[in-house]
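Report on the structure given below.
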Amino acid sequence: MKIELKDSHLRQIKEICDSLGNDPGELITILHRTQNAFGYLPEEVQRAVAHNLGISVAKVFGVVSFYSFFTMTPKGKYPISLCLGTACYVRGAENVLDEFKKQLGIEVGGVTPDGKFSLDCLRCVGACGLAPVVMVGEKVYGRLTPSMVKDVIAEYK
Amino acid sequence: MVQIKMHLLVCGGTGCRASESDRLVEQLNHHLQLNGLAEEVKVVTTGCFGFCEKGPIVKVIPDNTFYTQVTPEDAEEIVKEHVLKGRKVARLLYEDPETLEHISDSKHMEFYQKQVRIALRNCGFIDPENIDEYIVRDGYAALGQVLASDPKDTIELIKKSGLRGRGGAGFPTGLKWEITAGNQADQKYVVCNADEGDPGAFMDRSILEGDPNSIIEAMAICGYCIGATKGLIYIRAEYPLAIRRLEIAIKQAREYGLLGKDILGSGFDFDIELRLGAGAFVCGEETALISSMHGSRGEPTIKPPFPAQSGYMGKPTNVNNVETFANIPPIILKGWEWFNSIGSEKSKGTKVFALAGKINNVGLIEVPMGTTLREVIFEIGGGIKDGKRFKAVQTGGPSGGCLTEQHLDTPIDYEHLTAAGSMMGSGGMIVMDEDDCMVSVAKFYLEFTVEESCGKCAPCRIGNKRMHETLEKICQGKGTLDDIEYLENLGKVIKDTALCGLGQTSPNPVLSTIQYFKDEYRAHVVDKKCPAGQCKALKSYVIDETKCIGCTLCARNCPTDAITGDKKVPHVIDQSKCIKCGACYEKCKFGAIQIR
């Protein structure tokens, strides 16, 4: 999907790059801030960052694709992140994940057609005492079983 | 001035916050206010108490009452009963699982009795957002002492203490400092590795959230010793609370003149910056971490040159892990002899572990090196959940291995764990019971490694992928005996040829499970059975005719209409339609569905 960046967006990207001295060594910090501002890092945004820093788009794309924190697709309104750390895994996180996939009709990394939910996995929220754990936005749900999944989703419908 | 008569310490670690401990603090304050006690009783949000299983925790000082699983709704009762009338709220006290007696003081709990807290000394004790509380507990005293002495003496002291890197590899810390100190350069750097990526481990995060100043103090000490004026903390972006508390601590330390120019009038300058990671496990490897700090992909480089020679910006750089730094101030204040007297022959001091999995007391613990796995799992950890049988314990995360019942009396230290086929690692300890399939566990770790491999060297990039495919094949019931041998050979080759620590250790979970659970692998490939009943492709659900009363509940819940049968007549599952989702098994109230 091609998107057209507005002048105001380009200015915003330039401001972020300027604030860190257009230093390519600060690329990761710049991408963090840019993703904070836009929600994700589509190709056009990466091009603009590369242009400001005077580095190749390939270098920017290399970094964006390397780190799992950066995403090139927009997340849902309520991003669902399921912990697949070892503690959650041995306490049955996989079955919970299957249930989320079934209920939402999307795969990991996908977004529901209405843009409401996206589903991702992450490694260790650090609430291992509550395993298995899922985060919806900032809210943490613990000790999940597949039968609880429906109710969690219903809270946001 | 009003004197504070009582403190209510509330755990503000990530785990307890997930159970609304922040709302609990609000409610406690609210009810103290209502009862006119706000001046005399202070609510303090602390770092992790460690007993995550029963969080959120509230500890009352001075009587040391230890309340567990406290909800915001319990705040009123605590204030009215305990604070006002001095009567303990019995239902919130910890109940000893064996004697069923209520234990009021945490020091009588088995969970805490065997622990020795050095790195975690302040966690759950002080308000991490208030530098004064750290200073009252001897904070920055070690820095003052070091700045008044010769750096060489401090390095010597750390060397004699026997402290080794807590990130996993166990390199002697004092020696690392000495090497960096010996390399001449116009600028050197101190880096704190807080890129804790091991799934199921939260030691470093808890230290940073509970006692951020201890890391700042130790980094300044290190800077003075090696001749560096700049420190960098490389921290995961996934740890927002730790980042915030570090930022607060750095700001307060600057205001107090404990960071910045001419610290404590010594003429020594030192300051610290944060660098955020972006979610890459390999960045825990020090050369990859440095690549990432340069704004590049976090790919490791061949050593030598070591970071001590050429690290950040090509300058000598000393990289230590969070827990290593947390040990430094007490060693300086209490002396190397003290530290050296704790632990085993070659591994001194303590180690923090994140104890998780199928265990009763999930939490963060710190034990002297040399403590046995049995003591940790069955005494501190309270044994296996739901009375199941212990099967294995995994240490060292994706780089470590699975140890079995025969290893329970192994002392936990660098040498013994490595000799047993696992490793110390950074401190993840996952306990598994009879329901866990060891082939699936190995596959789980390999999946992680494949995803996190940076792709630079072929053994790790391609080798691990092939290993993962083979494990997948075995779990699908399509494996052969040759596949097991193939895994063993390939694993050894990857260990010998991969570029960095990630690749060199990635086959460990597979090799150790093949070594100790060969029968289970054989069952998968020869009998086409998963003894633990976890591998979907190898299990089938059948209905026990003698137990089924024909209630039709399973048939109504089956998503693929695989179950048929008339009312009040035993049902049957059509195996060709069954997708093994387990819905029938979960729903049946008569235990009629069996897994074979």
Side-chain angles (χ1 to χ4, degrees), chain A residues 20 23-33 35-36 41 53 55 59-71 81 83-95 98-99 102 121-131 133-135 138-143 145-147, chain B residues 13-19 51-55 196-202 205-206 236-239 275-281 283 292-299 313 354-358 362-363 394 397-398 428 430-433 436 441 444-445 448 451-452 454 559 581-583 586:
Chain A
L20 287 156
D23 177 5
E26 296 282 1
L27 178 59
I28 292 174
T29 316
I30 289 166
L31 291 174
H32 269 300
R33 292 191 192 172
Q35 183 163 294
N36 266 343
L41 298 168
L53 301 185
I55 54 178
K59 159 100 185 171
V60 176
F61 176 73
V63 169
V64 169
S65 57
F66 186 86
Y67 295 97
S68 61
F69 205 80
F70 298 133
T71 171
S81 315
C83 180
L84 268 192
T86 323
C88 286
Y89 176 79
V90 301
R91 285 198 186 180
E94 250 190 340
N95 296 333
D98 287 344
E99 189 63 24
K102 203 171 101 191
C121 291
L122 49 79
R123 306 280 181 182
C124 204
V125 183
C128 305
L130 301 173
V133 164
V134 73
M135 285 176 84
E138 298 275 298
K139 187 161 179 195
V140 178
Y141 296 84
R143 300 200 168 101
T145 60
S147 54
Chain B
T14 295
C16 283
R17 279 168 73 106
S19 309
F51 199 37
C52 308
E53 182 71 37
K54 297 279 182 202
E196 184 174 53
D198 189 346
F202 48 98
R205 198 204 62 215
S206 298
R236 297 179 76 194
E238 290 91 333
Y239 284 177
R275 283 297 160 95
L276 299 196
F281 177 67
C283 290
S292 180
M293 291 205 307
H294 289 150
S296 304
R297 292 164 70 94
E299 288 174 354
M313 297 291 174
L355 194 56
K358 304 276 184 64
V362 167
Q394 211 278 351
I430 310 282
V431 178
M432 296 166 209
D433 69 11
D436 288 307
V441 166
F444 166 80
Y445 280 110
F448 179 84
E451 221 172 86
E452 293 296 338
C454 78
C581 68
E586 253 187 54

Next item on the list: Using non-hydrogen atoms and a 4.5 Å limit, figure out which bit of B:Glu586 sits close to chain A: side chain, backbone, both or neither.
Entry: side chain
Check: Do you know which of B:Asp198, B:Ile430, B:Asp436, B:Val441 has the most heavy-atom pairs with chain A at a distance under 4.5 angstrom?
Finding: B:Ile430
Notebook entry, point to check: Measuring heavy-atom distances to chain A, does B:Arg297 have an atom under 4.5 Å in its side chain, in its backbone, in both, or in neither?
Noted result: both
Checklist line | Minimum heavy-atom distance between A:Val63 and A:Phe70, given as atom pair plus value | finding: O-CD1, 4.1 Å
Check: Which answer fits B:Ser292, side chain, backbone, both or neither, if we ask what part of it has an atom under 4.5 Å from a heavy atom of chain A?
Finding: both
Notebook entry, point to check: Would you find a donor on one side and an acceptor on the other, under 3.5 Å apart, between the side chain of A:Gln35 and the backbone of A:Phe69?
Noted result: yes
Check: Pick from B:Gly298, B:Gly363, B:Cys16, B:Ala18: which one has the most heavy-atom pairs with chain A under 4.5 Å?
Finding: B:Gly298
Check: Is a side-chain donor or acceptor of A:Ser68 paired with a backbone partner of B:Gly279 at a separation under 3.5 angstrom?
Finding: yes
Item checked: B:Glu451 vs B:Phe281 side-chain heavy atoms within contact, under 4.5 Å -> no
Item checked: chain A contacts, top residue of B:Cys52, B:Ala278, B:Gly15 (heavy-atom pairs, under 4.5 Å) -> B:Ala278
Notebook entry, point to check: So which of A:Asp23, A:Thr86, A:Val90 has the largest heavy-atom pair count under 4.5 angstrom toward chain B?
Noted result: A:Thr86
Next item on the list: Quick one: closest heavy-atom pair of A:Leu53 and A:Pro24, and the distance?
Entry: O-CG, 4.1 Å
Item checked: Least distance between heavy atoms, A:Cys88 atom then A:Cys83 atom -> CB-O, 3.5 Å
Notebook entry, point to check: What part of B:Met313 gets closer than 4.5 Å to chain A, counting heavy atoms only: side chain, backbone, both or neither?
Noted result: neither
Checklist line | Results of side chain to side chain donor-acceptor pair (under 3.5 Å) for B:Ser296 - residues two or more places apart only | finding: A:Lys59
Margin query: Please classify the contact of B:Leu276 with chain A as side chain, backbone, both or neither, using a heavy-atom distance under 4.5 Å.
Written below: both
Check: Of the backbone (N, CA, C, O) and the side chain (C-beta and beyond), which part of B:Arg17 lies under 4.5 Å from a heavy atom of chain A, both, or neither?
Finding: neither
Margin query: For A:Thr145, which atoms come within 4.5 Å of any heavy atom of chain B: side chain, backbone, both, or neither?
Written below: neither
Notebook entry, point to check: Looking only at heavy atoms, what is the nearest atom pair of B:Gly397 and B:Tyr445, with distance?
Noted result: C-CE2, 3.7 Å
Check: So which part of B:Glu196 gets closer than 4.5 Å to some heavy atom of chain A, the side chain, the backbone, both or neither?
Finding: neither
Notebook entry, point to check: Looking at A:Gly129 and A:Arg91, what are the two nearest heavy atoms and their distance?
Noted result: O-NH1, 3.9 Å
Note to self: I'd like to know which of B:Met432, B:Met293, B:Glu238, B:Glu452 tops the heavy-atom pair count under 4.5 Å against chain A.
What the structure shows: B:Glu238
Check: chain A heavy atoms under 4.5 Å from B:Ala583: which part of the residue, side chain, backbone, both or neither?
Finding: neither
Notebook entry, point to check: Between B:Gly277 and B:Ala237, which heavy-atom pair has the shortest distance, and what is it?
Noted result: O-CB, 3.3 Å
Next item on the list: Against chain A, label B:Phe51 side chain, backbone, both or neither, depending on which of its atoms sit under 4.5 Å from a heavy atom there.
Entry: neither
